[in-house]
Amino acid sequence: MRVAEAVGRGLAGLGVNTVFGVVGSGNFHVTNALVAGGARFVAARHEGGAAVMADAWARTTGSPGVVTVHQGPGLTNAMTGIAEAAKSRTPLLVLAAEAPEIRSNFHVDVAGLAAAVGAVAMRLYSPASAVADAHRAYATALGRRTVILALPLNVQGSDCEPGPVPAPRRTYPPGPAAEAVIALTEVLRGARRPVFIAGRGARGRAAELERLADACGALLATSAVAKGLFRGSPWNLDVSGGFATPLAAELISGADVIVGWGCSLNMWTTRHGTLIPPQATLVQVDDDPAAIGAHRPVHLGVPGDIAEAARAAADALGGSPSGSSSAAGYRSAEVRDRIASQGRWRDVAYKDESGGERIDPRTLSIALDDLLPAERTVAVDSGNFMGYPSMFLSVPDEDGFCFTQAFQSIGLGLATAIGAAVARPDRLAVAALGDGGALMGVSELETVVRLGLPMVVVVYDDEAYGAEVHHFGPDGDPLEVVRFPPTDIAAIGRGFGFEGVTVRDAADLTPVRDWLDGPRERPLLIDAKVTSGHGSWWLEEAFRGH
């Protein structure tokens, strides 16, 4: 058996059932071997899109994503998506064909590229070790790492005699030290206004965190990537940071104890630190000891498994499994009522700036939130517009929000939605894009149609790179280089096989309702011509912070 076939079949035997990629000569055989082993192959139109699809699939399913690329340009095309995954600690395995000859025009420094973006570089060292090398790479990805596995062409083409492949061992973070749990418990016992901020590392841990919050009377918030984690709780403040509602910002700023759970407490989540009051005790719980205090000093760091730490602290505080507790903490009837009436951005009054030719993005987003089914997955691209779909479109849980923003590259949103849609076909995928990002990733519209995904693509079209317009415009800088002539993006969508709708006011959304009520035989693209008189609230704040 050739090494390429042995590696592909071996990975399929480890449980790899979905693979994204663009196939060239260097990854042709390994990809076909994965398919022969039972994996589904999802062909993207660009390697960057393939990497992002695999990243989003991994975030949504919780299993390692796999992407396969050609040697040389196949890998370099994928690097932005790989950088996003590495920065997000997404479990991702990149099968990268490699031209080992230094004089080959396809040769690139695979290990150097991996190191440059924070990924782990591994390789097939020999025909005899190849299957074991691939097994080790997959096991490394299981530990929430992005791995680039180089597949040298000469090794791939060699013969081998593969033996049995043992099941990969999933490693789990150690439990927190008893002393750390005692210290955490004492901090929470003395808290009068505690707030929990849960991040990416706390996804899937809502039950444990809510039980502890009930025991100490904490309010609940998340970073943007964990939006939806506490959906349904009457104490849910939604997202902390630049996207926070005025009420959430007020209550977080009034805390005397803030605990970050699997949350880096970076500048975005804390509004450059302004949401953390000087008198508050700051605690960080994370299964990665290196993450504790990486962005700001903390008074107490608790390294270890997040769920175990929460369970141990709740037991110490006397929290019951049912979640009932006599602890008041930050919880009062007044706070609960305020969260119920002011806890969402759509509850915040605003002046509708729609003007006939352009619709206010807030008005658009609220209308879409009312129209779209509750079972949805929202994927958001980067740009000036991004806060509107992120905060005005609700999601059923943390798996319903896919936010590939660690690298803040535009152009990733459509591929993100495709990966999430493949992972959760039971939910309607909604891709929220700016016009710049939509046109940058436009080739993947064909992928949506080819896969038969009943997706909704919403383009917030301000005919510009809006972030730059609102960053440099107030200083009087020329903006011609970041403005563009009108583009009929709905017509582009129809050219790819979408239903295309142009929206300039709320009345133009009637075809959207008709599509949702119909058979949804073709995906829907909404080209929303949005107002752009000023920057979004979160972006103005971010620029002030810089």
Side-chain angles (χ1 to χ4, degrees), residues 15-20 38-44 49-50 52-67 88 90-92 200 202-207 222 224-233 236 238 365 368-381 389-390 392-404 412-433 444-458 497-499 512-526:
V16 174
N17 58 26
T18 305
V19 182
F20 300 84
R40 175 189 184 184
F41 177 65
V42 179
V52 175
M53 292 174 200
D55 178 0
W57 185 92
R59 295 176 193 233
T60 305
T61 64
S63 298
V66 178
V67 60
S88 298
T90 298
L92 181 69
R200 178 183 294 108
R203 288 167 63 102
R205 307 291 187 268
T222 70
V225 292
K227 176 180 169 67
L229 180 66
F230 300 121
R231 175 72 187 272
S233 169
N236 179 24
D238 203 15
S365 302
L368 289 173
D369 191 46
D370 291 337
L371 286 172
L372 295 169
E375 286 297 312
R376 65 182 76 155
T377 302
V378 177
V380 183
D381 209 338
S390 296
F392 286 91
L393 296 183
S394 58
V395 293
D397 52 38
E398 71 271 28
D399 291 333
F401 191 63
C402 211
F403 197 64
T404 47
L412 308 188
L414 179 57
T416 298
I418 294 172
V422 172
R424 290 295 303 265
D426 57 316
R427 289 179 169 177
L428 177 67
V430 181
L433 319 173
E444 302 304 348
L445 290 176
E446 187 276 337
T447 303
V448 176
V449 175
R450 172 167 35 87
L451 296 179
L453 300 175
M455 181 184 296
V456 175
V457 176
V458 186
F498 277 69
E499 296 284 348
V512 177
R513 183 181 295 104
D514 295 340
W515 183 88
L516 290 168
D517 292 340
R520 307 181 191 177
E521 293 175 345
R522 297 198 292 173
L524 175 67
L525 187 147
I526 303 169

Inset, instruction - Under the salt bridge (Lys or Arg N to Asp or Glu O under 4.0 Å) rule, collect the residues that match up with D426, sequence neighbours excluded. - result: R424
Inset, instruction - List in chain and number order the residues that pass salt bridge (Lys or Arg N to Asp or Glu O under 4.0 Å) with R427, two or more places apart in sequence or in another chain; answer none if no residue qualifies. - result: E375, D397
Inset, instruction - Indicate the atoms forming the closest heavy-atom contact of G49 with A415, along with that distance. - result: O-CB, 3.5 Å
Legend entry - Distance-minimising heavy-atom pair for P523 and G497: CD-O, 4.2 Å
Inset, instruction - Could you list the residues that satisfy side-chain contact (heavy atoms from CB on, under 4.5 Å) with T61, not counting sequence neighbours? - result: W57, S63, A423
Legend entry - Qualifying salt bridge (charged side-chain N to carboxylate O under 4.0 Å, His left out) pairs, either residue in residues 448-458, two or more places apart: E446-R450
Legend entry - I526/L368 under side-chain contact (heavy atoms from CB on, under 4.5 Å): CA gap, chis, key distance, verdict: CA-CA 11 Å; I526 303 169; L368 289 173; 4.1 Å; yes
Legend entry - Inter-residue atom distance D381.CG - L412.CG, 0.5 Å rounding: 6.0 Å
Legend entry - Partner residues of S394 under the side-chain contact (heavy atoms from CB on, under 4.5 Å) criterion, sequence neighbours left out: R231, D369, R376
Inset, instruction - For the residue pair S88 and T404, establish whether any side-chain heavy-atom pair is separated by less than 4.5 Å. - result: no
Inset, instruction - For side-chain contact (heavy atoms from CB on, under 4.5 Å), just list the numbers for F401 and V380, CA-CA rounded to whole Å, side-chain angles, deciding distance to a tenth of an Å, and then say yes or no. - result: CA-CA 8 Å; F401 191 63; V380 183; 3.9 Å; yes
Legend entry - D55: partners by salt bridge (Lys or Arg N to Asp or Glu O under 4.0 Å), with sequence neighbours left out: R59
Legend entry - Value rounded to 0.5 Å, distance of CD in E398 from OG1 in T60: 10.5 Å
Legend entry - Minimum heavy-atom distance between A58 and P91, given as atom pair plus value: CB-O, 3.6 Å
Inset, instruction - Just jot down the side chain to side chain donor-acceptor pair (under 3.5 Å) partners of D517, sequence neighbours excluded, or say none. - result: none
Inset, instruction - Apply side-chain contact (heavy atoms from CB on, under 4.5 Å) to V225 and list each qualifying residue two or more places apart in sequence or on a separate chain. - result: R200, S223, F403
Legend entry - Residues that T222 engages under side chain to side chain donor-acceptor pair (under 3.5 Å), provided they are two or more places apart: none
Inset, instruction - Look up atom CG in L433 and atom CG in L525, then write down how far apart they are to the nearest 0.5 Å. - result: 8.0 Å
Inset, instruction - Give the minimum heavy-atom separation between A56 and C402, together with the two atoms involved. - result: CB-SG, 3.7 Å
Legend entry - Atom pair CZ/CG of R203 and L229 - distance to nearest 0.5 Å: 8.5 Å
Legend entry - Under the salt bridge (Lys or Arg N to Asp or Glu O under 4.0 Å) test, residues paired with R513 that sit two or more places apart: none
Legend entry - Minimum heavy-atom distance between P396 and A374, given as atom pair plus value: CD-O, 3.6 Å
Inset, instruction - Would you please test F498 and V448 for side-chain contact (heavy atoms from CB on, under 4.5 Å) and show each step? - result: CA-CA 9 Å; F498 277 69; V448 176; 3.7 Å; yes
Legend entry - Full working for side-chain contact (heavy atoms from CB on, under 4.5 Å) between N17 and R40: CA-CA 6 Å; N17 58 26; R40 175 189 184 184; over 6 Å; no
Legend entry - Partners passing side-chain contact (heavy atoms from CB on, under 4.5 Å) against E444 (at least two apart in sequence or in another chain): A44, R45, H46, M53, L414, I418, T447
Inset, instruction - Kindly compute the distance separating CH2 (W515) from CZ (R520), expressed to the nearest 0.5 Å. - result: 5.5 Å
Legend entry - Given D514, L524, V456, the one that forms side-chain contact (heavy atoms from CB on, under 4.5 Å) with E499: L524
Legend entry - Where G228 and V395 come nearest, the two heavy atoms and their spacing: CA-CG2, 4.0 Å
